[in-house]
Amino acid sequence: MVRRPLPAGFPAALVALAAFALYRATLLPGFDFGDTGSFQTMAGSPLITPRDGYPLYFAFGDVFLWLTGAEPAHALNLMSAVTAAAACGLTVIVAARLSGSVAAGAGAASLLAASYTFWSQAVIAEVYALHTVFVLLTLLVLLRWAEQRTPARLSLVFAIYALGFGNHLSMILLAPGITIFLLMTAPGGWRWLVAPRIVALAFAFACVGALQYAWNVRTLYLLPNPPHGLLDALQRFWFDVTKSDWRDTMVMNVPQSMLRDHAAMYWFDLRQQFGTPGPLLAVAGLIQLAIADMRRAILMFTLYAANVAFAYSYNVGDSHVFYLPSHVILALLAAPAAVAAGRFARHGAPIVSAVVIVYAATRAYRDYPALDRSRDNRPAAVVSALTEGLDDRRAILLTDLNWQVANGLSYFAKTRRPEIAYARMPDVLLYAPALVGDNRAIGREVALTERARAAADAAYGPLLPIARDLRVRVPRLSEAVRDVAPGTRYALCVLRPSRDLSLDADDLASALRALGGGQAVTLPTGDYAAVAGVAGVPPELVTASARPFRRTFTLRGVAVEIRIDSWLASDTIRRMGFGHVIAGHQHTLIVERGVSFAAFDERGQALSTAYASNIFAPQARYLIDIR
């Protein structure tokens, strides 16, 4: 009896289920700052502006809101986990089609599932997991068309590709690879591809895909100052959906002096995803693919090169996420490499694939604590402290916050505490005295954030006397560490803060002196620094570096790893944090720019944490004192 080979669908489903279990266990429980907070705020809204973009993503989000009945933040986080798991399943199928081995496909999917950036985007509300699904779907239907080149299959290629634009416009980066592959593979040569009926078919699907953005255009007409005619609406739409006001200064605008640093950052990024063996496997896989089918090799290389070139030249604070499609290509190329290596032994491909899976599992085990956000409630803690005691009956809050925190406040005030009344100080500064007077007349306090206080003071001086709101406690770093009992293990990390914040050197020195039992601790120079030890005695580790580093050591019988997982010259935004402290294989501390501190017990559980000079630091609140 001859056994039929196991179809790729079953292993793909198993890999997808395993990936979902991994991502579900490490899922962010609530809302976050930054773009994630913005997506979570917009979820379920009938009005999506061109600036918000991503109509397909929000449509999927509405489905998950309806299916789960959960809070929007959780529903969108869960959607990322589901779509990321689906991407892992698709990787099995696409890699198996490239290599001819389902086992090798499973190995490739394991590499992607455990890769650092992909995993970090799978546990928060972000567009990149769904984008990966469409990248893989497009590649799958393109390869199927190459096997049977019919108009129906070509229509499916155009349809999937056009649909993907509704989630992310960077689908355009697939165009060079797809076009070259179609030209090389078209029956009868390139003339078949540019025949009027094929061009018309492509144009028709492009128009249908663009119709997804009708939702965004419609919203323009429902806002104040609607467009004057269709041309004006389309001009406004294009300006906002492509973010032309800032993207033009960022695309292909990396300063020449930074090119070498970006190359070093890319090598750091590759090793962060796959370790050194990953890129080597991809190179071997590309060579194997070129031997077997040069057209497929050119397709994969072009897709990889276009995405790397864009991310490399994109002068933006989270360029690491734009490398994600290239990570997918590298993971896929591991499959033909496993097949090539397997030729040297009987049943070699399954054995080599098993080794790849074990390697990916080992990396997942190592990175699991760092990528586990299941207990990360820091955004809620920051916003709760800032708004404590406020409601629309008694007070209004005037804000001028870092944009990432502002997005978190928007979600918090919309979903968790809708009774909070707040307004942006830049929007009301011109008539602030009248606003204050009207609110005081009905018995409401006017509270301000730190930057809002500075703006009001600069504009109106003594006309608006402002006093500190003592109901909001804002401990300095030195005060926070004084409560740490002698003999308690601790770790303190100092990363160069962002340009809008600065370190309080005196407060930091006082904190280090308190931790060191009254003895001064001098930090070496470097963008990345760490101090660790036991409170009450001089620290056991004092280190700094100009480049990201990892240090592993033991504190009173507890294995501790301090790992820097960011590249500060390029990263102003890191959703997963800029680094981590792992103690006893527990996620003890997420390290941010500025100062991050944790005291922890023998199990690695954080007893206390503190932040300074970053978006998670406690913020003061003020009151306008008009009687």
Side-chain angles (χ1 to χ4, degrees), residues 31 33-34 37-38 41 51 224-225 245-246 379-414 416-477 479 497-504 506-507 572 593-594 611-627:
F31 71 92
F33 290 155
S38 176
T41 303
R51 197 73 177 186
N225 187 28
D245 50 338
W246 59 270
V382 169
V383 179
S384 295
L386 184 62
T387 59
E388 183 179 3
L390 301 182
D391 62 61
D392 54 10
R393 292 179 297 119
R394 294 176 292 180
I396 182 174
L397 176 66
L398 302 183
T399 69
D400 187 359
L401 297 166
N402 173 282
W403 70 273
Q404 299 186 71
V405 181
N407 286 346
L409 174 62
S410 296
Y411 180 85
F412 186 78
K414 176 185 177 181
R416 301 228 176 141
R417 289 196 57 200
E419 71 275 13
I420 293 173
Y422 73 99
R424 294 178 65 253
M425 176 58 89
D427 295 339
V428 303
L429 187 60
L430 288 177
Y431 58 90
L435 178 68
V436 171
D438 290 345
N439 277 277
R440 294 300 293 174
I442 59 174
R444 289 208 300 190
E445 295 177 328
V446 179
L448 303 95
T449 62
E450 179 66 60
R451 291 200 314 209
R453 177 208 63 79
D457 188 58
Y460 296 104
L463 184 61
L464 293 177
I466 300 171
R468 185 75 170 263
D469 188 346
L470 300 179
R471 296 170 297 183
V472 177
R473 184 171 176 269
V474 186
R476 303 180 75 199
L477 179 67
E479 296 170 347
S498 55
R499 286 178 293 181
D500 59 332
L501 296 167
S502 60
L503 288 174
D504 186 335
D506 292 337
D507 186 40
T572 57
R593 297 186 77 150
Y611 290 99
S613 304
N614 56 51
I615 60 176
F616 293 98
Q619 297 198 32
R621 200 171 71 198
Y622 299 84
L623 294 171
I624 296 181
D625 189 16
I626 297 180
R627 293 184 170 45

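Below, all heavy atoms of this structure are taken into account, side chains as well, without hydrogens, waters or symmetry copies.
The structure places CG of Asn439 at 5.0 Å from CD1 of Ile396, a figure rounded to the nearest 0.5 Å. Taking CD of Glu419 as the start and CG of Leu390 as the end, the distance is 9.5 Å to the nearest 0.5 Å. The distance from the CG atom of Leu386 to the OG1 atom of Thr399 is 8.5 Å, given to the nearest 0.5 Å. To the nearest 0.5 Å, atom CG of residue Asp469 and atom CZ of residue Arg453 are 13.5 Å apart. Rounding to the nearest 0.5 Å places CZ of Arg417 at 10.5 Å from CG of Leu409. Summarising the geometry, atom CZ belonging to Arg451 is positioned 12.0 Å from atom CE belonging to Met425; distances are rounded to the nearest 0.5 Å.
Considering all non-hydrogen atoms of both residues, Val474 and Ala620 come closest at CG2-CA, 3.5 Å. Across every non-hydrogen atom of Arg444 and Ala395, the tightest pair is CD-N, 3.9 Å. What you find for Leu464 and Pro433 is that their closest heavy atoms are CD2-CA, 4.2 Å. Of all non-hydrogen atoms in Pro618 and Pro475, the two that sit nearest each other are CG-O, 4.0 Å. Of all heavy-atom pairs between Ala413 and Tyr422, the closest is CB-CE2, 3.4 Å. Of all heavy-atom pairs between Arg593 and Pro497, the closest is NH2-O, 3.5 Å.
Under the 4.5 Å side-chain criterion, counting only non-hydrogen atoms from C-beta, Val472 is not in contact with Gln619. A 4.5 Å side-chain heavy-atom check between Leu429 and Tyr460 finds at least one atom pair inside the cut-off. Side chains of Asp504 and Ser613 form no contact here, defined as non-hydrogen atoms less than 4.5 Å apart. Using a 4.5 Å cut-off on side-chain heavy atoms (C-beta onward), Asp507 and Glu479 make no contact. Contact annotation: the side chain of Phe33 never approaches that of Asn402 to less than 4.5 Å [non-hydrogen atoms, C-beta and beyond].
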| message | Working note: Arg471 + Leu623, criterion side chain to side chain contact (heavy atoms under 4.5 Å, CB included); need CA distance, chi angles, decisive distance, verdict. | response | CA-CA 11 Å; Arg471 296 170 297 183; Leu623 294 171; 3.8 Å; yes

| field | From CA spacing to verdict: side chain to side chain contact (heavy atoms under 4.5 Å, CB included), Leu398, Leu435 | value | CA-CA 10 Å; Leu398 302 183; Leu435 178 68; 3.9 Å; yes

| query | Given Val383 and Tyr411, is the side chain to side chain contact (heavy atoms under 4.5 Å, CB included) satisfied, shown in steps? | reply | CA-CA 10 Å; Val383 179; Tyr411 180 85; over 6 Å; no

| field | Chi angles and distances behind the side chain to side chain contact (heavy atoms under 4.5 Å, CB included) call for Leu397, Thr387 | value | CA-CA 8 Å; Leu397 176 66; Thr387 59; 4.1 Å; yes

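Ion pair Glu445/Arg621 not flagged as a salt bridge, since none of the NZ, NE, NH1 or NH2 atoms sits closer than 4.0 Å to an Asp/Glu carboxylate oxygen.
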